[in-house]
Amino acid sequence: MRLATWNVNSVNARLETVLKWFEAEKPDVACLQEIKCIDEKFPAEAFERLGYNVAVHGQKTYNGVALLSRTPMEDVLRGLPGDPTDEQSRYIEAVISGPKPVRVASIYLPNGNPIATEKFGYKLAWMSRLHAHAQTLLALEEPLALMGDFNVIPEATDAAHPSDWTGDALFQPESREAFRALKWLGLTEAFQAMDGRPDSYTFWDYQGGAWPRNNGIRIDHALLSPQAADHLRACVINREVRGWEKPSDHVPLIVDLDL
DNA sequence: ATGGTAGACCTTCTA
């Protein structure tokens, strides 16, 4: 079973590129982030034509997440539990049906910049809610994959120029600590477990020639419960996609499970 | 040299 995550930076602006990638990599399940549209504007028919079921938690202009699955999805949860006043669409979860069901979440964790503002507090509070919810899900002792744009650079080796990020929310000690604490609940970071080479990035900024200079960071991650990690076969970053026409600033991350 | 990119949208915000 092939799971994938990709921050597409507007699903409608990127549709041609996204569909091209779907036809090349044929994921069974795909988690999309930053779809940047409301549910009604999501191009569901284009994905249905490729054989996917669609679940969307959209938002006007900003954010927005979606799940695409070859098999029907059950128990769809829209929005991260823990704060009913949170209006940002950054979390969608569903159980992927099949002989071996897997619960999958598409996560767009808050960026948190600038750190001197309430945005950083929102990021840390959101991570705390994610921690609590992950604890609840792990207690189910089921195959589980939390995938998405975590907006956290875990280690200095996950940035081409770590010193450029010292004042940035993505590399703050608090952000990195919260990410580590999440993993310590018993989640396996798939890329670290399988490939794990340093200088492997998932994001290159549009500005300053970041891609041609390979000035990237690794901020898109897949976290697996023990019941999913037991079946982990491969985890790869589709780096080449950043060089395609009209690219997103993020590239897809693929997880293959023997399920 | 105080710039630079991209997307959505009302002209500025977010990343």
Side-chain angles (χ1 to χ4, degrees), chain A residues 5-21 31-44 46 56-66 79-80 86-91 106-127 130 147-154 158-172 174-176 178-179 201-221 237-253:
Chain A
T5 178
W6 192 8
N7 178 326
V8 293
N9 185 20
S10 173
V11 69
N12 285 306
R14 204 82 52 220
L15 189 57
E16 205 178 321
T17 308
V18 171
L19 294 175
K20 176 184 166 185
W21 174 82
C31 305
L32 304 184
Q33 299 89 36
E34 279 206 273
I35 61 171
K36 290 189 170 178
C37 64
I38 57 174
D39 295 11
E40 294 72 23
K41 297 273 178 67
F42 188 88
V56 182
H57 185 39
Q59 183 181 330
K60 192 181 175 186
T61 311
Y62 305 119
N63 312 319
V65 287
L80 181 65
D86 186 0
E87 293 183 341
Q88 300 189 30
S89 297
R90 296 177 172 277
Y91 186 93
S106 177
I107 292 172
Y108 180 41
L109 207 145
N111 175 295
N113 280 307
I115 56 174
T117 68
E118 69 286 347
K119 291 183 180 189
F120 190 53
Y122 175 67
K123 178 184 190 129
L124 296 179
W126 206 95
M127 293 188 85
L130 180 61
M147 308 180 61
D149 176 1
F150 282 74
N151 269 316
V152 175
I153 303 166
D158 297 313
H161 302 294
S163 59
D164 289 356
W165 299 91
T166 46
D168 195 285
L170 278 60
F171 198 51
Q172 286 310 289
E174 295 94 326
S175 311
R176 297 170 60 199
F179 186 69
Y201 311 126
T202 64
F203 169 92
W204 294 261
D205 203 287
Y206 289 122
Q207 299 186 60
W211 168 243
R213 295 166 191 259
N214 193 27
N215 180 10
I217 52 177
R218 192 173 71 93
I219 56 175
D220 298 86
H221 307 295
I237 297 167
N238 284 166
R239 173 182 225 281
E240 69 283 0
V241 174
R242 186 63 177 80
W244 288 6
E245 281 289 300
K246 216 176 180 244
S248 169
D249 41 6
H250 295 251
V251 297
L253 175 72

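By convention in this document, chain letters (A, B, ...) are assigned in the order of the sequence lines, proteins followed by strands, and residues within each chain are numbered from 1.
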Discussion item. When you measure from the side-chain N and O atoms of A:R14 to the phosphate of B:dG7, is any distance below 4.0 Å, counting only OP1 and OP2?
Written reply: yes
Worksheet item: Are A:R239 and A:N214 side-chain neighbours, meaning at least one heavy-atom pair lies under 4.5 Å?
Response: yes
Practice prompt. Rounded to whole angstrom, note down the C1' distance from B:dA15 over to B:dG4.
Written response: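 One C1' to the other, the span is 14 Å.
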Worksheet entry | Atom P, compared across B:dG7 and B:dG3: separation rounded to whole Å |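 It works out to 22 Å between them.
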Practice prompt. Could you go through the side chain to side chain contact (heavy atoms under 4.5 Å, CB included) check for A:D205 and A:D249 one step at a time?
Written response: CA-CA 6 Å; A:D205 203 287; A:D249 41 6; 5.8 Å; no
Euclidean distance, atom [atom1] of residue [X] to atom [atom2] of [N] [Å, nearest integer]:
X: A:R213; N: B:dT5; atom1: CZ; atom2: P; answer: 13 Å
X: A:E16; N: B:dG7; atom1: CD; atom2: P; answer: 13 Å
X: A:K246; N: B:dG7; atom1: NZ; atom2: C1'; answer: 9 Å

Item to complete: Verify, without hydrogens or angle tests, whether A:R242 (side chain) and A:W211 (backbone) share a donor-acceptor contact under 3.5 angstrom.
Response: no
Discussion item. Please check this pair: side chain of A:T5 against backbone of A:L253, looking for a donor-acceptor N/O pair closer than 3.5 Å.
Written reply: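 Answer holds: no.
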Discussion item. Can you confirm whether or not the ring centre of A:W244 sits under 6.0 Å from the ring centre of A:W21?
Written reply: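 No, they do not, as the ring centres are separated by 6.0 Å or more.
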Do any N or O atoms of the protein come closer than 3.5 Å to N or O atoms of nucleotides 12-15 of chain B, and which pairs are they?
residue, atom, partner, partner atom, Å
B:dC13, O2, A:Y62, OH, 3.4
B:dT14, OP2, A:K119, NZ, 3.0
B:dT14, O5', A:K119, NZ, 3.4
B:dA15, OP1, A:R90, NH2, 3.2

Worksheet item: In terms of the angle between their ring planes, are A:H221 and A:F179 parallel, tilted or perpendicular, with boundaries placed at 30° and 60°?
Response: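 Because their plane-to-plane angle lies in the 30° to 60° range, the rings of A:H221 and A:F179 count as tilted.
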